[in-house]
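So the structure is just underneath, and the comments pick up after that.
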Protein chains: 2
Amino acid sequence: MTAGRRQTLNLYIQAKGEVRLSELEELLPDVSSMTLRRDLEQLERDGEIVRTRGGAKSIAHLSMIREAAYTQRVGENLDAKMSIAAKAVQFVTPGRSLYLDAGTTAMCLAQQIPDESLFILTSAPNIALELSKNRNVRVALTGGQLNRDTLSLSGGEAMAYMEGLNIDVAFLTASAFSLESGFTVGDRSEADLKRLIVRKARTRVLLLDGSKIDRGMPYTFARLSDAEILITDGPLPPSYLKAAKQAKTTVVQANAGDEEKGKEGTA
Amino acid sequence: MTAGRRQTLNLYIQAKGEVRLSELEELLPDVSSMTLRRDLEQLERDGEIVRTRGGAKSIAHLSMIREAAYTQRVGENLDAKMSIAAKAVQFVTPGRSLYLDAGTTAMCLAQQIPDESLFILTSAPNIALELSKNRNVRVALTGGQLNRDTLSLSGGEAMAYMEGLNIDVAFLTASAFSLESGFTVGDRSEADLKRLIVRKARTRVLLLDGSKIDRGMPYTFARLSDAEILITDGPLPPSYLKAAKQAKTTVVQANAGDEEKGKEGTA
DNA sequence: CATTACAATGTGAATCATTCACATCTTGTA
DNA sequence: TACAAGATGTGAATGATTCACATTGTAATG
């Protein structure tokens with residue numbers, strides 16, 4: 001009972017990043033604030049959170065903010081990203097070999113990856129670290145130069161690493177997506193790497209939060225028809241839905257707040 | 001004046017990891033606690049620290065604890081490691097190509113690397129992320145599988161990356177060091193990687209905190225004579241000093257508390 | 001050089017979270 | 001069942017934090 005409540009609290013805090021004690025009191029009205037305080041104390045000992053005046057913050061989230069401070073606000077669309085990740089994690093089954101892209105959406109997914117027998121390749125050092133918390137997941141990084149804006153590795157060496165490696169499912173993110181240009185990013189060598197992944201993976205899952213739809217960036221790495229699955233939040237414009245149907249791409253709608261149930265199974 | 005004080009505060013907090021407000025009041029008796037509070041507020045906005053009841057904590061330090069929670073307590077010998085790193089950073093000159101090993105000592109060094117034109121290769125994702133905060137430093141990671149205990153990449157692919165790459169100065173850490181076995185670690189493939197680095201680097205700097213001296217681990221990756229520089233805290237036993245003299249290895253003593261002055265120049 | 005504006009700093013009262021010690025309730029075990 | 005150990009609740013005491021306001025320092029402007 002105690003352990004379960006602590007886990008609930010931890011999940012909640014990890015998802016929100018920052019909470020006030022008063023929130024937690026509303027969330028769990030059956031226990032006193034003193035109990036919640038003691039739970040937070042424990043979670044702090046476990047290294048999951050730091051307690052602040054009036055509440056607590058997730059350490060993982062703090063590191064994320066710190067790391068992405070140079071690019072954009074992580075908080076933007078975080079709900080959307082969390083719910084997209086919640087849908088994506090349904091495509092993870094034990095024993096598979098996965099690829100995880102860089103980016104905050106992928107980071108949200110990394111946090112939700114179950115501790116099962118998996119092999120996961122990623123090009124993002126921060127995601128590799130997050131994944132390494134799982135005892136049963138073997139984590140590998142593509143080498144290469146680190147792009148300080150996207151926190152992504154790329155370059156010829158990163159690609160060389162991929163030869164002789166099999167990927168069952170690749171979870172890819174894009175900076176922008178439109179019908180004309182397909183999935184695009186702003187960096188040449190990152191696009192090269194993504195193209196290679198698209199070619200090597202057996203199943204391609206594209207993660208795309210709504211703010212990126214109907215926009216374009218310089219380099220295309222995939223077309224809609226390359227994606228078996230497209231997970232997005234909010235409603236897709238009709239023209240896009242039609243195109244997806246033609247391309248035989250399964251579109252999964254993730255609605256913020258779906259994290260818990262999410263059992264409609266669009267797989 | 002304000003900016004200078006904030007920087008002092010930040011350095012102090014980053015070094016200590018966790019401070020109480022009362023400490024800061026002693027450190028800077030010329031300003032009121034209210035000013036210090038406002039400074040902490042600013043540093044929190046900058047994403048450097050989190051404020052806690054009664055003080056503040058360094059975010060970088062928190063992430064370190066989180067990451068190394070599986071192995072050992074980071075706090076152990078942290079003073080020693082910081083002072084070793086302070087000595088090591090004197091061997092960093094602009095325009096060079098460096099290698100930084102994995103480990104908390106190397107992480108301490110990473111935090112002190114100046115934001116100069118440098119190329120730095122590392123096998124530790126967490127260190128790569130730390131280094132990426134510097135605008136002028138180009139950071140590269142060796143690829144490979146991630147060892148969750150040492151947070152170090154290794155494996156054949158990691159080594160393949162190194163071909164065609166030149167390293168001016170390599171900063172290496174060891175799990176143990178003795179006259180008989182030399183510098184040793186507990187993992188085979190990590191030893192392989194380190195051996196390669198030792199071979200490729202023009203100058204080899206070994207970082208070693210006192211607790212590791214006169215111990216042995218299974219795999220040797222270098223002998224005393226391979227190291228041009230050996231930086232250690234506390235006094236080295238006479239037999240080791242003699243051996244170092246014979247091996248033409250410069251021994252640098254880092255004494256905890258040296259971070260500020262440290263201008264005796266043993267280079 | 002005086003003046004104004006603005007940011008940085010100090011002060012003390014009011015507020016609020018937190019801690020602490022102690023009482024009570026569960027839970028697991030012999 | 002009875003006991004021990006851990007979990008939880010309560011309210012007073014403590015201590016940190018905030019807030020509004022006064023003051024000082026600093027830089028730009030006429």
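Reminder, nothing fancy here: chain letters follow the sequence lines and each chain counts from 1.
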**Item:** Nucleotides bounding contact with chain B, strand DNA chain D, heavy-atom threshold 4.0 Å
**Value:** D:dA16 to D:dC19
**Message:** For B:S123, give me all partners under side-chain hydrogen bond (donor to acceptor under 3.5 Å, both in side chains), at least two apart in sequence or on another chain.
**Reply:** B:Y99
**Partners meeting side chain to side chain contact (heavy atoms under 4.5 Å, CB included) with B:T52 (sequence neighbours left out)** = B:V50, B:K57
**Message:** Checking B:T232 now: which residues fulfil side chain to side chain contact (heavy atoms under 4.5 Å, CB included) with it, not counting sequence neighbours?
**Reply:** B:I213, B:L236, B:V251
**Message:** I need the residues from residues 24-42 of chain A with at least one non-hydrogen atom less than 4.0 Å from DNA chain C; give them sorted by number, or say none.
**Reply:** A:M34, A:R37
**Request:** Any salt bridge (charged side-chain N to carboxylate O under 4.0 Å, His left out) involving residues 90-108 of chain A? Give me the pairs, sequence neighbours left out, ordered by first then second residue.
**Result:** A:D101-A:K194
Every protein N/O lying under 3.5 Å from an N/O of nucleotides 23-27 of chain C:
none

**Message:** Going by side chain to side chain contact (heavy atoms under 4.5 Å, CB included), name the residues that satisfy it together with B:Q7, two or more places apart in sequence or in a different chain.
**Reply:** none
**Request:** With sequence neighbours left out, write down each residue that passes side-chain hydrogen bond (donor to acceptor under 3.5 Å, both in side chains) with B:S189, or none if nothing qualifies.
**Result:** B:S154, B:D187
**Complete:** salt bridge (charged side-chain N to carboxylate O under 4.0 Å, His left out) pairs touching residues 31-41 of chain A, sequence neighbours excluded, are A:R5-A:D39, A:R6-A:D39
**Message:** Going by side-chain hydrogen bond (donor to acceptor under 3.5 Å, both in side chains), name the residues that satisfy it together with B:E116, two or more places apart in sequence or in a different chain.
**Reply:** none
**Lys/Arg-Asp/Glu bridge criterion (N-O < 4.0 Å) met for A:E23, A:K16** = yes
**Message:** Which residues pass the side chain to side chain contact (heavy atoms under 4.5 Å, CB included) test with B:T184, not counting sequence neighbours?
**Reply:** B:A176, B:S181, B:M217, B:T220
